[in-house]
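Working notes for the structure below.
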4 protein chains.
Amino acid sequence: MAKQSKRSEITGAALELIVEHGFHGASMAMIADRAGVGAGTIYRYFDNKDVLITELYRELEEKVVQVLMKEYPAEKSFRERFQHIGERLLHHFINNPSEFRYLEQFHNSPYGVAVRRDKFMGKWNHGDLVRIFFQDGMARGVIKDLPLAVHFALAFGPLVGVARDHILGFISLDDSLRARIVEACWQAIREPSPGFAPPNAS
Amino acid sequence: MAKQSKRSEITGAALELIVEHGFHGASMAMIADRAGVGAGTIYRYFDNKDVLITELYRELEEKVVQVLMKEYPAEKSFRERFQHIGERLLHHFINNPSEFRYLEQFHNSPYGVAVRRDKFMGKWNHGDLVRIFFQDGMARGVIKDLPLAVHFALAFGPLVGVARDHILGFISLDDSLRARIVEACWQAIREPSPGFAPPNAS
Amino acid sequence: MAKQSKRSEITGAALELIVEHGFHGASMAMIADRAGVGAGTIYRYFDNKDVLITELYRELEEKVVQVLMKEYPAEKSFRERFQHIGERLLHHFINNPSEFRYLEQFHNSPYGVAVRRDKFMGKWNHGDLVRIFFQDGMARGVIKDLPLAVHFALAFGPLVGVARDHILGFISLDDSLRARIVEACWQAIREPSPGFAPPNAS
Amino acid sequence: MAKQSKRSEITGAALELIVEHGFHGASMAMIADRAGVGAGTIYRYFDNKDVLITELYRELEEKVVQVLMKEYPAEKSFRERFQHIGERLLHHFINNPSEFRYLEQFHNSPYGVAVRRDKFMGKWNHGDLVRIFFQDGMARGVIKDLPLAVHFALAFGPLVGVARDHILGFISLDDSLRARIVEACWQAIREPSPGFAPPNAS
DNA sequence: GATGAATGAGCGTTCATTCAT
DNA sequence: CATGAATGAACGCTCATTCAT
């Protein structure tokens, strides 16, 4: 087993077990066992359980950023860029259900609040991609003039929800449905063109 | 202290402490202390900690349903009913931040998945109000024809997100902003009237 | 088993085991076992191992003070008071070998240095009895004019040494030998009467 | 680094770290680090931690014996020889505080008792110098007729005590005070010349 | 019913020691 | 010879749960 392989055995085992049993339900002993290493070995790679959890989070976050940036159509229209982001995000989560569940659990925990705060305060570079994206859209009048956090909620809240439901087996997302969902999110954030507002249906 | 008062002292203490310290950080001893009862007393009302947590969840869920049903404009248009639900939900969460945080923590935990599954399988009556609401909207062609779970995600995902950000102090929701957010969610789920589709903005 | 009996079972077990195996060789599990209580029970009486160790020390110290004060001949000559202190101390240590060994171990440890410092700085009331005793002797010109710490060393250093050797079985202290040893300590600290200095023997 | 240099790097590091953190607080990893060798290397020189601790002790003891024997005035009077021993001992301890603290820690530990027993049983040659010294003094009637262990306690107990207090900063030993202390110890062990016993002071 | 002292399994973590390189 | 990554038994401590009062 190569040097780095041991570290990734550990994060892999932690990912699986935390998804399955939660942060506190996944004991270090279980993680060591599943990783096929001794209990003390984990501590050669991570100072303590908190550091393991946080490091794993950062790695998964980084992967998400990479996924969004890959083939990012920087030159295309705002809407096409939005579709890229939305569809890639959904695609990534659906194909990496454990990573998705882990990120969800992390965001919803004492750690998560701190990270969210840093992101909000702009201390976090990773968020910049999407932050700049929305600020650009507002500056150009393409999307509604709303606080950034609201755009995040409107655009990504539903995506996260459907990803979770798909992973839990409650719905099945195919390419067509995925596109329709991203389109619906788009309608939530877009600035309706003046003169074309449809009458309210009932 | 009356019979039922003791029980509600316990759930009240559990609510506060779990919101503050998480499920695992809030020990039974702390809860008993804050509730002003003996450690063993909790077990007269709840078989074990899991049952306490789940029961408290059910009570808070039930409160949400009550809030949505109160002054529900059953005779008004679908859109008005949607606005009622959305605004009441936001209003309730914002004014009961502990309950909101508890529900979020619960949904994001091993318990949460089981409950979600029950809801989806129709074993859960509480969900019916909203389930029937969306099914009615689809039947009448007012909202898009999408799986129920997708409508849930599109309509409530963003609301939950902005409620959390408001509670954590990242944004400040006033009446006007709240209305604009519910309106944006509406645009996500509505069926655009034929012939009025606006051109795609860029 | 009465309420306080449990606490004293614990301190008793700790005393024996620490004397036998040292502070770190005596594990909390061993202590609990020997005391006949559960592992967690110790923590109802002592916040942690350090507190247990320190509390036990204070109790044993207090016993020593009580022993010295009992039948203390406050009205007799300085020398008689010295003999009282010296002989009682030896007697007490010899008859309570575990307590003696515990105190020795404690004094020789990180804890001990701190306590010694407090004693030296006068923060410690227990020490006052003996401190005042020596200061009185110096003021009256009965004993040499030396730093307090030196008097402590001259008077008690040898007593502690012979107590240890007796307990370990290297010597056997009977009443006569005990008296001769205290007398020798007295000769170390006394101020030789002018005019009676004996010639130096070789 | 020469063969033996590695060994002395290890004992040097062990000395420093054990004085600083105690036997149990100084881990083998820390010692290896400070010595600049690999963790496993220590085991080429010492079978295990206990052996390292005991070997280091024997070396420091040997150094003490060397110090006492250097310039030992074998031809001078008993009293002068006593002064030599006492003053050299104090001088050595004060100028090698780490070695002193190590010896103290060692004597006060499970190891210490075993060594003391060996010494007493005559299994230990190092002690002989001083043993013979006292036996000679008693044979010549210069010092009191007391068990050897008692002479040890009377002569060295106080010296060790004041050395410790000096090192911990509670007193400051200059040449004059050092001489007065050795003189006081002398008075404790000397056989008072017949006819010159001073009247008991009060 | 209500209590809270007692329990002990299980936690996160350390560290003396081993052994493949 | 020397290394240091790996080990796992053992540590101090917590806390959900029980039960004698």
Side-chain angles (χ1 to χ4, degrees), chain A residues 1-3 6-7 10 23-33 35-53, chain B residues 1 3 6 10 23-33 35-53, chain C residues 1-3 6-7 10 23-33 35-53, chain D residues 1 3 6 10 23-33 35-53:
Chain A
M1 194 183 281
K3 178 78 197 321
K6 211 146 232 167
R7 188 192 147 102
I10 292 166
F23 289 119
H24 125 258
S27 73
M28 293 301 264
M30 283 168 65
I31 293 169
D33 245 42
V37 302
T41 304
I42 297 178
Y43 292 86
R44 297 198 60 74
Y45 295 92
F46 305 95
D47 275 356
N48 54 48
K49 193 177 184 179
D50 270 25
V51 168
L52 166 59
I53 287 169
Chain B
M1 197 183 280
K3 179 77 193 317
K6 209 152 236 170
I10 293 166
F23 289 120
H24 154 245
S27 72
M28 293 300 263
M30 281 168 69
I31 293 169
D33 241 44
V37 304
T41 305
I42 296 179
Y43 291 85
R44 303 220 145 269
Y45 295 92
F46 305 95
D47 275 358
N48 54 49
K49 195 178 185 179
D50 272 22
V51 168
L52 165 59
I53 287 168
Chain C
M1 195 184 282
K3 178 76 196 325
K6 209 146 233 165
R7 189 193 146 101
I10 293 166
F23 288 120
H24 125 258
S27 74
M28 293 301 264
M30 283 169 66
I31 293 170
D33 245 42
V37 303
T41 304
I42 297 178
Y43 293 87
R44 297 197 62 72
Y45 294 93
F46 305 95
D47 274 357
N48 53 50
K49 194 178 184 179
D50 270 24
V51 168
L52 166 59
I53 287 169
Chain D
M1 195 183 282
K3 179 81 193 318
K6 210 152 235 171
I10 292 167
F23 290 119
H24 153 244
S27 72
M28 293 299 265
M30 281 168 67
I31 294 169
D33 241 44
V37 303
T41 304
I42 296 180
Y43 291 85
R44 303 220 144 268
Y45 295 90
F46 306 95
D47 275 358
N48 55 47
K49 194 178 184 179
D50 272 21
V51 168
L52 166 59
I53 287 168

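Computed from a prediction, not measured in an experiment: that's the story for all the values here. Quick note on labels: first sequence line is chain A, next is B, and so on, each numbered from 1.
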Atom CG of A/Leu52 and atom C1' of E/dT13 are separated, to the nearest Å, by 13 Å
Hits for side chain to side chain contact (heavy atoms under 4.5 Å, CB included) against D/Asp33, two or more places apart or cross-chain, chain-then-number order -> none
Rounded to 10°, the angle between the first-five-pair and last-five-pair axes of the helix from E/dA2-F/dT21 to E/dT21-F/dA2 is 10°
Whole-Å distance, B/Asp33 CG to E/dT3 C1', equals 13 Å
With sequence neighbours left out, the residues meeting side chain to side chain contact (heavy atoms under 4.5 Å, CB included) with D/Asp47 are D/Val51
Scoring nucleotides 15-21 of chain E by protein non-hydrogen atoms under 4.0 Å (B base, S sugar-phosphate only, - none) yields -SBB---
Residue set satisfying ring-ring contact (aromatic ring centres under 6.0 Å, His included) with C/Phe23, at least two apart, ordered chain then number -> C/Tyr102, C/Tyr111
Between CE of B/Met30 and P of E/dG4 the distance, given in whole Å, is 18 Å
In this structure, CD1 of B/Ile10 is separated from CZ of B/Arg44 (nearest 0.5 Å) by 11.0 Å
note: D/Ile42, atom CD1; F/dG4, atom C1'; distance rounded to Å ~ 12 Å
Sequence neighbours excluded, the answer for side chain to side chain contact (heavy atoms under 4.5 Å, CB included) partners of C/Met28 is C/Ile31, C/Ile42, C/Tyr43, C/Lys49, C/Leu52
Between CD1 of B/Ile31 and P of E/dG4 the distance, given in whole Å, is 16 Å
Side-chain contact check for B/Tyr45: nearest option of F/dT7, E/dA6, E/dA2 is E/dA2
Closest non-hydrogen atoms of C/Ala32 and C/Ala39, given as atom of the first, atom of the second and distance, are CB-CA, 3.8 Å
